[in-house]
Amino acid sequence: MLIIRPARPPVLLLGALLALALGGCQSPQQRLGELAGQHHQQLQTLDAKPLPLLSGAPNLQSGVPRLRIYLEGDGHAWATPSQPSLDPSPRDLLVARLAFSDPTPSLYLARPCQFVSAPGCSPRLWTNQRFSADVLRSLDQGLDLIKARYGNHDFELIGYSGGAALALLLAAQRDDVASVQTLAGNLSPRQWARMQHLSPLDGSLEPLEYRQRLAQIPQRHLTGAADTVVPAAVVHHYLGELGAAPCVETVSLAGVTHDAGWETAWAQWRQAPLKCALSPDPDSRKAAIEHG
């Protein structure tokens, strides 16, 4: 009698299936740690108040004149359209990949409660209050801790999605932000919520409330032409409300969506100098920060 047995998959196929299964079970924290190891990055928790922050950086020497800080987006804020997530850590590590592959002296900075849990973490901090004073205060203190560690003179802030709003808010209150660049940036959370027919983000700050200060900051905003999550109309609204500014550049990227196409596009733009009509006056900017 002829007995036909099912063929065994090759060893390599078994290994691939096992790796896929294990990869699917990894937490965002484990995946970030693995990605950091692949790029020789060191992850550390910054003891910022009121909420700690996770950062990732190469083995940088102290005394670097300028550091580029990549601010994470909103992450996994909602489990369903009506149910907040229990863990806002991003599932797609796009921003970390951009930071870790950047040859410029750079650090990755996660948002409060992403990858690091703390007693003060609750869903309100990654839903309605994702741009709140507490979130901003933690990031502001995080920059202070980074500056104390590396001794840099100033920062360039790179904000992705909701991280763009926080980059602008930080730049509006600090005098050591040399420039801001945003990718798929939510530059006006108030207008974005209106456009997407969402409830207002009660408890969140609005960058355009600080338009006088922001107008003095060199900035470039890259938008995906195919982005429906944060459409280019949000940037257009921001620019219209910002008014006259000496150094603002916008770039529309064909075929780029909210989360696809950015690694290729950013590799082309990350070293390009900003095109400024005029150099902003540092004295007037300092006065705007002090008296605005």
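Nothing here was measured: the structure is a model prediction, and the numbers come from that model.
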Grab the two heavy atoms, one from Q41 and one from A57, that are nearest each other, plus how far apart they are.
-> OE1-C, 3.0 Å
Can you check whether V64 reaches Y150 side chain to side chain, under 4.5 Å on heavy atoms?
-> no
Stepwise side-chain contact (heavy atoms from CB on, under 4.5 Å) test for T223 and L253 | CA-CA 6 Å; T223 63; L253 302 168; over 6 Å; no
If we ignore angles and hydrogens, is there a donor and acceptor under 3.5 Å between the side chains of T104 and Q271?
-> yes
If you take all heavy atoms of A171 and L157, which pair is closest and at what distance?
-> N-CD1, 4.4 Å
With sequence neighbours left out, the residues meeting side-chain contact (heavy atoms from CB on, under 4.5 Å) with L242 are R211, L214, A215, Q219, Y238, A245, V248
Supply the atom-to-atom distance S101 OG to W266 CH2, rounded to the nearest 0.5 angstrom.
-> 10.5 Å
Side-chain donor-acceptor pair present, R190, S188, cut-off under 3.5 Å = no
Atom of A99, atom of S106 and distance for their closest heavy-atom approach | O-CB, 4.2 Å
Just distance, no hydrogens or angles: give the donor-acceptor pairs under 3.5 Å from side chains in residues 46-55, sequence neighbours left out.
unit_1, atom_1, unit_2, atom_2, d
D47, OD1, K49, NZ, 3.3
S55, OG, Q44, O, 3.4

Which residues satisfy the ring pair (Phe, Tyr, Trp, His ring centres under 6.0 Å) test with H76, sequence neighbours excluded?
-> none
P112 and S138, any side-chain heavy atoms less than 4.5 Å apart = yes
Tell me, please, which residues at least two apart from R97 pass salt bridge (charged side-chain N to carboxylate O under 4.0 Å, His left out).
-> D92, E263
Does the side chain of R220 reach to within under 4.5 Å of the side chain of T182, using non-hydrogen atoms?
-> no
How many angstroms lie between CG in L168 and CG in N186, if you round to the nearest 0.5 Å?
-> 10.0 Å
Stepwise, does the side-chain contact (heavy atoms from CB on, under 4.5 Å) test hold for R270 with D102?
-> CA-CA 8 Å; R270 65 189 177 195; D102 192 338; 4.0 Å; yes
For the residue pair W192 and L198, establish whether any side-chain heavy-atom pair is separated by less than 4.5 Å.
-> yes
Salt bridge (charged side-chain N to carboxylate O under 4.0 Å, His left out) with E156: which residues, sequence neighbours excluded?
-> R68
Residues at least two apart in sequence or cross-chain that pass side-chain hydrogen bond (donor to acceptor under 3.5 Å, both in side chains) with D140, listed by chain then number, are Q173, R174
Contacts of S89 that satisfy side-chain contact (heavy atoms from CB on, under 4.5 Å) - sequence neighbours left out = P28, Q29, D87, R91, Q114, F115
Name all residues meeting the side-chain hydrogen bond (donor to acceptor under 3.5 Å, both in side chains) criterion together with R194; count only those two or more places apart in sequence or in a different chain, and write none if there are none.
-> Q191
Step by step, work out the salt bridge (charged side-chain N to carboxylate O under 4.0 Å, His left out) result for D134 and R137.
-> CA-CA 5 Å; D134 280 349; R137 193 176 303 116; 2.6 Å; yes
Apply side-chain contact (heavy atoms from CB on, under 4.5 Å) to the pair V235 and T250, showing each step before the final yes or no.
-> CA-CA 8 Å; V235 176; T250 60; 4.1 Å; yes
Tell me, do L93 and L32 make a side-chain contact under 4.5 Å, heavy atoms counted?
-> yes
Among all residues two or more places apart in sequence or in another chain, which pass the side-chain contact (heavy atoms from CB on, under 4.5 Å) test with D74?
-> R111, R130, F131
If you draw a 6.0 Å radius around CD in Q61, do more than 12 non-hydrogen atoms from other residues or ligands fall strictly inside?
-> no
Partners passing salt bridge (charged side-chain N to carboxylate O under 4.0 Å, His left out) against D154 (at least two apart in sequence or in another chain) | R66
Under the 3.5 angstrom rule, does the side chain of E249 hit a backbone N or O of K275 as a donor-acceptor pair?
-> yes
How about W269 and V251: do any of their side-chain heavy atoms sit closer than 4.5 Å?
-> yes
Flag for R31-Q26: side-chain donor and acceptor within less than 3.5 Å = no
Excluding sequence neighbours, so at least two apart, what forms side-chain contact (heavy atoms from CB on, under 4.5 Å) with A184?
-> Y160, D227, H258, W262
Can you list the residues that meet the salt bridge (charged side-chain N to carboxylate O under 4.0 Å, His left out) rule with R149, with sequence neighbours excluded?
-> none
Do the side chains of L98 and L94 get nearer than 4.5 Å, heavy atoms only?
-> yes
